[in-house]
Trainee: 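Mind having a look at this structure? Questions to follow.
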Amino acid sequence: MSPAATWRTHRCGDLRASDIGEKVVVCGWVANRRNHGGVYFVDLRDRAGILQLIADDDATQEARDQIGSLHPEYVVQVHGVVRPRIEGQKNKDRATGEVELLVEKVSVLSKSQRLPFEIQDELDVPEQLRMKYRYLDLRRRPMQRLMELRSKANHAVRCALVDQGFTEVETPMMTRSTPEGARDYLVPSRVRPGTWYALPQSPQVFKQLCMVGGLDRYFQIARCMRDEDLRADRQPEFSQLDMEMSFVTEDEILAMVEQVMASLYRDLLDRELELPVERMSYREAIDRFASDKPDLRIPIEIVDLGEVAGMIGFGVYRSVLEAGGWVRGFRVPGGGSLSRKQITSLEQTARDAGAGGAAWCKVTADGATGPLGRFLGEQAGADFIATLGAETDDLILTIADQPRRTLVAVDAIRRAAGEMMGMVGEKDRLVWITEFPLFEQGDDGEWAPAHHPFTAPVSEDLEALLGGQKEGIRSRAYDLVLNGVELGSGSIRIHDRELQEAIFASIGMEPEEAQRRFQHLLEAFRYGAPPHGGFAIGLDRLYALMFGADSIRDVIAFPKTASAACPLTEAPAPVDAAQLAELGLALLKQPTPTE
RNA sequence: GGGGGUGUGGCGCAAUUGGUUAGCGUACCAGACUGUCGAUCUGGAGGUUGCGGGUUCGAUCCCCGUCACCCUCGCCA
C-alpha cells in the first residue's frame with residue numbers, strides 16, 4: 001500500500017450534523033457490520049467514537065463490494081460524503097447518530113484474524129486473556145477512558161507541583177540494594193561480575209540527596225519495584241507520586257499534598273475538596289477507631305470498656321482483664337434490627353481476625369438480650385451500657401482479648417457492622433493520621449523502626465528516646481487515608497548526622513553496619529543537609545479509586561498477574577546460557593516448564 | 001510459604017447416581033434479505049473436558065499429584 005498524502009481528514013467519532021455535505025476521509029477499525037442485501041452498514045471505530053458507514057443504492061457497485069468484504073477489526077481508510085440519516089433512523093445513543101458516511105472508496109490498511117474476545121464495553125472473559133491480548137483490551141472504550149484519565153491525572157499533578165516551584169527529577173532505576181524493607185529485584189552487573197544493582201523500592205535516599213543538593217522542592221512520578229507476594233491492590237511494579245521539600249514543617253507538607261489532591265479532584269472529578277483535611281493523631285485513631293487507617297464514612301466509634309467490663313460478672317471479661325488484656329466495643333445504632341444470622345457472621349468476622357469471638361447484646365425496652373444480656377441487669381450493667389452510650393434498639397458488640405488482637409478484631413467488626421447496616425456514607429472521607437510511633441514491637445518482642453530509619457522523632461520525645469525508651473516514642477510521620485485505604489505516607493526526616501547515628505544505635509545497628517548500608521546518605525549529611533521532609537502517594541491505588549476501576553490492574557496499561565508474570569510477553573522467562581555466562585552466573589535451579 | 005475458589009469449542013455456560021455421537025448461547029464463516037445500529041433468517045465449521053497418573057467394563061463426573069489464574073493470611077521498613 002503506497003503512503004497516502006493524508007491518512008484522514010476527521011476522526012470517526014467527531015463527525016456531526018454540521019459536517020453534512022463534507023467529503024471526508026476517516027480511518028478506523030471495523031466494529032460491526034450489518035447487511036440488508038442491497039444496503040450495507042459498517043460501524044467504524046476510532047478513539048473518538050463510532051461512525052456508521054453506509055453503502056446503498058447511492059453508492060457505486062465497487063464501493064458496495066468493498067464494504068461487503070470487510071471483517072471484524074480490519075483497519076480501513078474510507079473516503080466518503082457525510083450525509084444526514086433519514087428521518088426515524090437517527091441514533092440518539094451515539095454522538096455521531098445524526099449522520100452517516102456514504103462510502104465512495106474503502107482501502108483495507110490491515111486485516112485481522114478472528115479475535116480471542118469481542119471488542120465491546122461490557123466484557124466477561126478471564127482477566128488473564130485480557131492481559132495476554134492487552135492491545136485488544138485497550139481498544140475497548142472503558143479501557144481507553146481509564147488510560148486517558150490516568151494521563152490527565154498525571155498531567156494535573158505535574159501542573160500543580162510545577163506551579164508550586166517543584167522540580168521534577170528522574171532518579172536511577174539501577175541503584176544499590178538496601179537490606180531493609182521489601183525484597184529487591186536485582187540486576188546483575190556484566191562489568192563487575194558478582195555485583196548487582198537493585199531496582200528501587202522507592203526513590204527515598206535519592207530524594208533526600210536532592211534536598212542536600214539544594215533543589216529545595218523535588219517531585220517525581222516514580223516507578224517502584226518490590227519483590228513481594230501480590231494482592232488485589234498491589235503490583236510488583238507500581239507508580240508513586242514522590243515529593244520532598246526543604247525548610248518545611250509538617251503543616252506545609254500536608255498543605256502541599258492537600259493542594260495536589262484538590263487539583264486532582266477538581267480536574268478529574270470536577271469536585272471541590274473540602275480543605276483542610278481532618279487530622280487525627282495515631283493515638284486518637286487507635287482509641288476511636290481501632291485502626292491507623294480508619295474509614296470515617298462509618299459513624300461508629302470504639303469505646304474502652306476496661307473500667308466497666310470487669311464489674312458485670314462476665315467471666316471472659318474478668319479473665320482477659322486480669323491477664324492484662326483489653327475489652328473494647330461499640331454500639332451499632334439501630335443494630336437491634338440485625339438478625340441472628342447476621343450477628344453470627346459478625347462473630348465469625350471477629351474469629352477470622354484472630355479473636356476468640358465477639359460478645360454482644362441487643363438493648364431493648366425490657367433490658368438487654370443476647371449472650372451479654374443476663375450480665376447487664378444490675379447497676380454495673382447500667383454503667384456498662386451508659387459507657388457505650390447505647391440506647392434502645394441498639395446492638396452492642398465487644399471484643400475481649402490481648403491488646404493487639406482486640407484492636408484487629410474490633411476494627412474488623414466495626415467495618416463489617418457498618419457495611420451491614422448500610423452506614424457507609426457516599427461522601428469521600430480523607431483524614432491525616434499523624435504522630436505514628438517511631439518504633440513498633442515485632443512478634444519476637446524486638447523493637448524496630450515502624451517507618452524507615454530516617455524518620456525524625458517528635459522533639460518532646462527526643463530526650464526519652466536518647467535515654468533508651470522505645471515504647472510510645474512518637475515520630476513526625478503521617479499517612480493520608482481515604483475511606484479506610486492508605487493512599488500514602490511521609491515524614492519529616494532526620495537531617496542531623498548525630499541524631500541519625502543515635503537512631504541507628506537505638507535500633508541495635510552497629511555504627512559500622514550503618515556506615516556500610518547508608519554510607520552515601522550519612523556522608524551527604526556531613527556537607528550541610530537542610531531540614532527536610534516529604535511524602536509519597538501510591539498512584540495506582542488512588543487512580544483506581546478515583547476512576548471507579550474494578551481493580552488497580554485496570555488503570556495500568558500492561559499489568560502483571562498475582563505471580564508477577566506478564567501474560568503478554570511471558571516475562572519472566574529463561575535467558576540463553578551465553579547471556580548468563582557473560583554475567584558470570586550459573587543456575588542452581590532450572591526453571592520449571594509450565595503446563 | 002499457608003488457606004480457599006476456578007479450570008469443558010474463541011468466549012459465557014450445561015451435561016441425571018460414573019453410562020448413547022459432550023449439548024446450549026454467543027462470536028466466527030457462508031448464503032438470503034434495501035434502513036440496520038445487540039439486525040434478522042437458514043446453513044456450516046469449531047472439543048487432547050488445564051496437564052499427568054490412578055480406580056473402573058466405562059471418567060467431564062471419583063481419588064492422588066501438578067500447572068495456571070483469582071481471592072486471602074504471612075509478607076510488603
Side-chain angles (χ1 to χ4, degrees), chain A residues 31-45 50-59 64 68-69 71-73 83 85-94 96-97 100 102 112-133 136 178-184 201-202 204-205 224-236 238 352-354 408 436-440 442-443 447-455 475 477 486 489 491 503 507 509 517-518 538 550-551 553 560-565 567 570 592-595:
Chain A
N32 196 10
R33 303 160 296 152
R34 298 173 293 278
N35 171 6
H36 285 258
V39 57
Y40 295 82
F41 299 98
V42 164
D43 289 338
L44 194 65
R45 182 190 65 242
I50 287 177
L51 175 68
Q52 176 166 284
L53 311 179
I54 185 165
D56 59 8
D57 291 339
D58 295 336
R64 284 150 60 128
S69 65
H71 291 275
E73 298 306 311
R83 73 179 193 188
R85 295 200 186 183
I86 61 175
E87 260 336 291
Q89 299 298 335
K90 300 187 193 307
N91 187 338
K92 289 188 293 294
D93 299 329
R94 205 170 269 175
T96 60
E100 58 195 4
L102 179 64
S112 170
Q113 58 183 29
R114 188 168 135 184
L115 296 154
F117 53 83
E118 296 162 60
I119 312 298
Q120 55 190 22
D121 289 359
E122 297 295 325
L123 196 61
D124 185 20
V125 301
E127 196 177 3
Q128 194 183 6
L129 195 70
R130 290 173 50 203
M131 281 154 86
K132 179 172 180 181
Y133 299 97
L136 297 179
T178 52
E180 280 71 28
R183 205 174 286 118
D184 285 316
Q201 297 178 23
S202 85
Q204 182 62 36
V205 170
C224 307
M225 294 78 171
R226 296 179 187 172
D227 186 6
E228 295 293 341
D229 288 345
L230 304 179
R231 283 287 190 290
D233 60 355
R234 212 193 284 163
Q235 284 271 300
F238 57 98
D352 291 345
V408 171
F436 271 75
L438 192 59
F439 301 100
E440 63 188 6
D443 294 328
W447 291 92
H451 207 52
H452 53 65
F454 315 116
T455 304
S475 74
E486 182 199 320
S489 64
S491 64
I503 294 278
I507 59 174
M509 195 185 288
R517 290 184 177 183
F518 301 111
D550 294 330
S551 142
R553 294 184 292 272
K560 291 186 172 57
T561 69
S563 58
E570 294 185 330
T592 46
T594 54
E595 290 173 89

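The figures that follow rest on heavy atoms only: side chains count, while hydrogens, waters and symmetry mates do not. On a predicted model such as this, the values are computed, not experimentally measured, just so you know.
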Trainee: Answer yes or no: does a side-chain N or O of H36(A) lie under 4.0 Å from OP1 or OP2 of A39(B)?
Mentor: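 For A39(B), OP1/OP2 do not have a side-chain N/O of H36(A) under 4.0 Å.
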Trainee: Answer yes or no: side-chain N or O of D227(A) and base N or O of C76(B) forming a donor-acceptor pair under 3.5 Å.
Mentor: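 Such a pair does not exist between side chain and base.
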Trainee: Take atom CG in D352(A); do more than 12 heavy atoms of anything else shown fall under 6.0 Å from it?
Mentor: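 Enclosed.
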Trainee: Between R83(A) and D56(A), does at least one N-O distance fall below 4.0 Å, as a salt bridge requires?
Mentor: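 Salt bridge flag = yes for D56(A) with R83(A).
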Trainee: Quick one: label R183(A) by what it contacts on the DNA or RNA (base, sugar-phosphate, nothing), any heavy atom closer than 4.0 Å.
Mentor: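 The residue R183(A) makes no contact with any strand.
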Trainee: Take R226(A) and D124(A), find for each the nucleotide of RNA chain B with the closest heavy atom, and name the residue whose nucleotide sits nearer the 5' end.
Mentor: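 Whichever sits nearer the 5' end wins; that is D124(A).
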Trainee: So, under a plain 3.5 Å distance rule, would you say the side chain of D229(A) forms a donor-acceptor pair with the base of G74(B)?
Mentor: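 Answer is yes: a donor-acceptor pair is held.
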Trainee: How is D352(A) classified with respect to the nucleic acid when contacts are heavy atoms under 4.0 Å: base, sugar-phosphate, or nothing?
Mentor: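 The residue D352(A) makes no contact with any strand.
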Trainee: Looking at the base of C37(B), is there any donor atom on it, or on the side chain of R85(A), that sits under 3.5 Å from an acceptor on the other one?
Mentor: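 Result: at least one qualifying N/O pair found.
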Trainee: Relative to the 5' end of RNA chain B, which residue comes earlier, K90(A) or R234(A), by the nucleotide with the nearest heavy atom?
Mentor: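 By nearest-heavy-atom nucleotide position, the 5'-most residue is K90(A).
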Trainee: Classify S563(A) by what it touches in the nucleic acid, base, sugar-phosphate, or nothing, heavy-atom distance under 4.0 Å.
Mentor: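 Sugar-phosphate contact only.
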Trainee: What about D56(A), does its side chain sit under 3.5 Å from the base of U34(B) through a donor-acceptor pair?
Mentor: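 No such pair is found, so the answer is no.
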Trainee: C73(B) phosphate, OP1 or OP2: any side-chain N/O from R231(A) under 4.0 angstrom?
Mentor: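 Result: yes.
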Trainee: Under 4.0 angstrom, heavy atoms only, what part of the nucleic acid is P72(A) near: base, sugar-phosphate, or nothing?
Mentor: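 Counting heavy atoms under 4.0 Å across all strands, the contact made by P72(A) is with sugar-phosphate only.
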Trainee: Have a look at R64(A) and say if it touches a base, only the backbone sugar-phosphate, or nothing, with a 4.0 Å heavy-atom cut-off.
Mentor: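 Answer is nothing: R64(A) stays at 4.0 Å or more from every strand.
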Trainee: Side chain of R33(A) only, please: which of C28(B), C69(B), C75(B) is the nearest?
Mentor: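 Minimum distance to the R33(A) side chain belongs to C28(B).
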Trainee: Over all strands shown, is R45(A) touching base, sugar-phosphate only, or nothing at heavy-atom distances under 4.0 angstrom?
Mentor: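 No contact.
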Trainee: Roughly how many Å apart are G53(B) and U48(B), using the C1' atom of each and rounding to a whole number?
Mentor: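 U48(B) and G53(B) have their C1' atoms separated by 16 Å.
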Trainee: Decide yes or no on salt bridge (Lys or Arg N to Asp or Glu O under 4.0 Å) for R234(A) and D229(A), but give the supporting numbers first.
Mentor: CA-CA 9 Å; R234(A) 212 193 284 163; D229(A) 288 345; over 6 Å; no
Trainee: Mind checking N91(A) for me? I need base, sugar-phosphate or nothing, with any heavy atom below 4.0 Å counting as a touch.
Mentor: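 Answer is base: heavy atoms of N91(A) come under 4.0 Å of a base.
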Trainee: Using a heavy-atom cut-off of 4.0 Å across all strands, would you classify I54(A) as base, sugar-phosphate, or nothing?
Mentor: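 Counting heavy atoms under 4.0 Å across all strands, the contact made by I54(A) includes a base.
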Trainee: Does Q52(A) put a side-chain nitrogen or oxygen below 4.0 Å from OP1 or OP2 of C37(B)?
Mentor: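 Looking at the OP1 and OP2 atoms of C37(B), neither is under 4.0 Å from any side-chain N or O of Q52(A).
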Trainee: Using a 4.0 Å heavy-atom cut-off, does E87(A) contact any base of the nucleic acid, only the sugar-phosphate backbone, or nothing at all?
Mentor: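 No contact at all - E87(A) keeps every heavy atom at 4.0 Å or more from the nucleic acid.
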Trainee: Nearest to the P126(A) side chain among U72(B), C11(B), U36(B), which nucleotide is it?
Mentor: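 The listed nucleotide nearest to P126(A)'s side chain is C11(B).
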Trainee: Rounded to whole angstroms, how far apart are CD on Q120(A) and P on C37(B)?
Mentor: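 Whole-Å distance recorded here is 16 Å.
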